[in-house]
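To start, the structure under review is shown below, and the notes come after it.
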Amino acid sequence: MLKAENLSKHYLQGGTEVVALEDFSYSFPAGATAIVGPSGSGKTTLLNLLAGFDVPSRGRVELAGERLDELNEDERAAVRLRHAGFVFQSWNLLPTLTALENVAFPLLLAGVARVQREERAQELLSRVGVAERAEHRPNQLSGGEQQRVAIARALALEPAVLFADEPTGNLDSASGRKVLDLLLAHAGDERRLVLVTHDLDVASHAQRILHLRDGRLIDIEKSG
Amino acid sequence: MELIRLVWRNLTARTTRSIFTWLGIAVATASMVLFLSFGEGLRQALAVEMGNMGPQIRVVAQGTDAFSPPLPELPPEMLEKIKYLAPELGISKVIPAVVMFRGGFDPSSSFLFYGLPEGADPRDFYPKAQVSAGRIDPHPDGAVVGSKKAELNHLQLGKLLRLSHDVKLKVVGVLKPASSMIDSFIFLPLKTLQKVLGTNNYGVFLINLKPGVKADEVAQKLEEAIPGIDAQSSSEALKYAEKAMRIGDLIRFGISLVALVVGGLLVANTVMMSVYERTREFGIMRAVGARRRFIFSLVLAEALFLALAGGAAGVLAGVIGSSVINVYTQHAVGLALSAVTPRLALFAMGIALGLGLLAGVLPARNASRIAVTEALGRI
Ligand SMILES: Nc1ncnc2c1ncn2[C@@H]1O[C@H](COP(=O)(O)OP(=O)(O)OP(=O)(O)O)[C@@H](O)[C@H]1O
Ligand SMILES: [Mg+2]
């Protein structure tokens, strides 16, 4: 479902090679997996590779049966559309669209007709508790509301894997808690949540915690 | 359809910039339409004119250029020769005339005099000519004035026209408006004008043919038979004028090209800025699953939309501007010189669209090529 083998990513920066991720192998079980580590340890790099935003320097990634490392940009985009959802730390939403239209956007890309799209988007907004904000633009929403709209959008096509990079990083603890609960609710028997965070308290809600340091997986901790 | 909505959303989110760009293209297109509308108007006026013109062949001295009044360089012997050839060639009438031009660029200070022989009058120029006052024949000693000329220079019946220090004529007839060149002419007896010019020569022979005779062929035979003349049938003249007009079109298009380039740069600038500002947005779209083509189309559609909307407004403004110009030229020379024909409107829209395409392709390509991780990294 979601599997990495000997995954490495090296960047060339000013003539010297930066090792952002080295030899990462892990098969993500169903449920929630947290990735923690100090700044610069390669968490975002790993997420980018798992989600197919970027291609590895070496190794393989498999998402929903597709070898992402072997696909081109557009093919990876198609896999993402069907099988992956994202929530970033901030600026998740398209600023010129309303909350409803943001949630409906992946459905538009998938070719869902307008009426069904809006129906489904409204339903998703209700599910994350911001139904009454449907017609608002992102800049009219609070940070917590924006994150919830982003979650609604990530869930629009019921992806197998939900990726979140510091989704609560900009939120106070109360709204951070709500966002975290919504994300965790998605992780289940079939579904996976990959949660990157600095916050060990947040990470402790996941079933497993992967510890990264200097681009290497140094520890796998079972919790919950 | 959905693409248009997204484009619309983005353009309305940056209203001021969008409006300025739109205006820029509109102004560029309008100026091009106006410039070119003169050519179209002239062309239309000319076609009407030629269709209405009496003489089927004009004979002038060789080397006379088509757009200035012919000098009196045709000697009386030539007239005899043409008359001699007339039965053989199927010529029904030869009118020897003299032309004199006085004045400058301003319609009210320029005068075009036509000296016509006895037995000829303005109807030989324009078969439908009629007088609104007085008589239509200037002979023996009067002037018949075209409606526009009469109006511009207050030449009512009985007014005295001074042609030289010892030649004066009274206005004996004023023509009805004919929406033709003759509206600006003044017709005089041939002898009078010859006296003013101090010559016995003629400036032009106007030739009418018997029904069924081919003007082009007669014109050619005349040129062969009489050296030193240019014989032009009206259809040939039309072709010649068309050629001259093409050159005019090219020059006007060249001038308006400057406006167009500025308009194109405006669109390119707007779209480029908009692309740069929205890098993160495109990153999000790509992250969610949009293909490169989607981003490309989105940006290109934005440029095309701006160009199309600007072009349409420009054509509209051009139509309005053209009719304003026509009010003036109608008043000044009695002709609608500017016309926005459907083909001109289409051409202008095509140019505007082409500009949008040109201005949009590069930013669109850039926007669709940027790496997802890089796009996401830029906030
Ligand atoms: N595009 C890039 N070019 C060069 N080096 C990069 C690039 N992206 C990341 N790196 C480097 O790779 C390493 C890992 O970066 P990464 O962003 O994955 O860390 P992180 O764990 O997400 O950090 P943070 O907690 O601060 O978000 C860092 O040393 C970083 O400087
Ligand atoms: Mg990071």
Side-chain angles (χ1 to χ4, degrees), chain A residues 9 11 20 44-49 51-55 72-98 101-114 117-118 137-139 150 153-157 159 163 165 170, chain B residues 1-19 21 270-271 273-299 301-303 305-306 364-379:
Chain A
K9 183 71 183 179
Y11 291 106
T44 298
T45 302
L46 174 59
L47 202 77
N48 285 344
L49 295 176
F53 292 150
D54 209 348
V55 283
N72 69 24
E73 277 283 343
D74 280 349
E75 290 164 343
R76 278 182 274 135
V79 174
R80 279 201 296 275
L81 179 62
R82 292 290 166 187
H83 305 293
F86 311 89
V87 181
F88 304 108
Q89 181 166 352
S90 59
W91 296 102
N92 274 292
L93 304 178
L94 301 169
T96 59
L97 302 186
T98 63
E101 288 165 336
N102 262 287
V103 176
F105 186 71
L107 300 165
L108 181 150
L109 292 179
V112 177
R114 175 108 172 253
R117 230 158 54 208
E118 291 185 349
R137 300 280 167 90
N139 62 4
R153 183 182 62 195
L155 298 180
L157 286 164
F163 295 97
D165 194 350
N170 279 8
Chain B
M1 224 44 244
E2 302 300 339
L3 209 63
I4 299 295
R5 267 163 56 90
L6 287 174
V7 166
W8 181 248
R9 278 305 171 77
N10 181 55
L11 290 175
T12 47
R14 285 121 175 139
T15 325
T16 320
R17 193 167 67 194
S18 302
I19 287 180
T21 310
T270 301
V271 176
M273 296 245 304
S274 155
V275 161
Y276 183 76
E277 284 171 14
R278 285 189 295 160
T279 305
R280 166 83 185 180
E281 271 180 64
F282 296 143
I284 293 168
M285 289 180 178
R286 294 267 295 280
V288 169
R291 288 160 198 260
R292 290 183 151 172
R293 255 238 318 274
F294 181 85
I295 308 290
F296 183 87
S297 313
L298 195 63
V299 176
E302 187 175 320
F305 184 90
L306 272 174
R365 224 180 79 108
N366 289 346
S368 67
R369 289 272 167 114
I370 186 166
V372 186
T373 46
E374 196 186 317
L376 285 173
R378 205 187 291 171
I379 295 180

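All chains are named by letter (A, B, ...) in the order of the sequence lines, taking the proteins before the strands, and each is independently numbered beginning at 1. Small disclaimer: the values here were computed from a predicted structure and weren't measured.
By the salt bridge (Lys or Arg N to Asp or Glu O under 4.0 Å) test, A:Arg117 pairs with B:Glu2, sequence neighbours left out. Not counting sequence neighbours, B:Arg369 has no partner by the salt bridge (Lys or Arg N to Asp or Glu O under 4.0 Å) test.
Contact of B:Arg14 with chain A is made through the side chain alone, with heavy-atom distances under 4.5 Å. No part of A:Phe163 comes within reach of chain B, as not one of its non-hydrogen atoms sits under 4.5 angstrom from that chain. Heavy-atom distances place no part of A:Glu75 under 4.5 Å from chain B, backbone and side chain included. At a 4.5 Å heavy-atom cutoff, the contact between A:Thr98 and chain B is made by backbone and side-chain atoms alike. Heavy-atom distances place the side chain of A:Asn48, and not its backbone, under 4.5 Å from chain B. Using a 4.5 Å cut-off between heavy atoms, A:Arg82 makes no contact with chain B at all.
Sorted by first and then second residue, the pairs that involve residues 103-114 of chain A and meet salt bridge (charged side-chain N to carboxylate O under 4.0 Å, His left out), not counting sequence neighbours, are A:Arg114-A:Glu118.
Annotation for B:Arg17: atom CZ counts as buried by contact number, over 12 foreign heavy atoms lying within 6.0 Å.
Closest approach of B:Ser18 and B:Leu11 over heavy atoms only: OG-O, 2.7 Å. Contact between B:Ala367 and B:Val299 at its shortest, heavy atoms only, is CB-CG2, 3.8 Å. Closest approach of B:Glu281 to A:Leu94, counting heavy atoms only: O-CD2, 3.6 Å. The shortest non-hydrogen separation linking B:Ser368 to B:Arg292 is O-NE, 3.2 Å.
For the residue pair A:Thr96/B:Asn10, the side-chain donor-acceptor check at 3.5 Å is not satisfied.
Taking A:Val79, A:Leu108, A:Leu157, A:Thr44 one by one and counting their heavy-atom pairs under 4.5 Å with chain B, the maximum is reached by A:Leu108. The candidate with the highest count of non-hydrogen atom pairs below 4.5 Å against chain B, out of A:Ala156, A:Ala51, A:Pro159, A:Pro95, is A:Pro95.
Taking the six-membered ring where tryptophan is involved, the planes of A:Phe53 and A:Phe86 are tilted, since the angle between them lies from 30° to 60°.
For residues 282-289 of chain B, the interface with chain A (any heavy-atom pair closer than 4.5 Å) comprises B:Ile284, B:Met285, B:Arg286, B:Ala287, B:Val288, B:Gly289, sorted by residue number.
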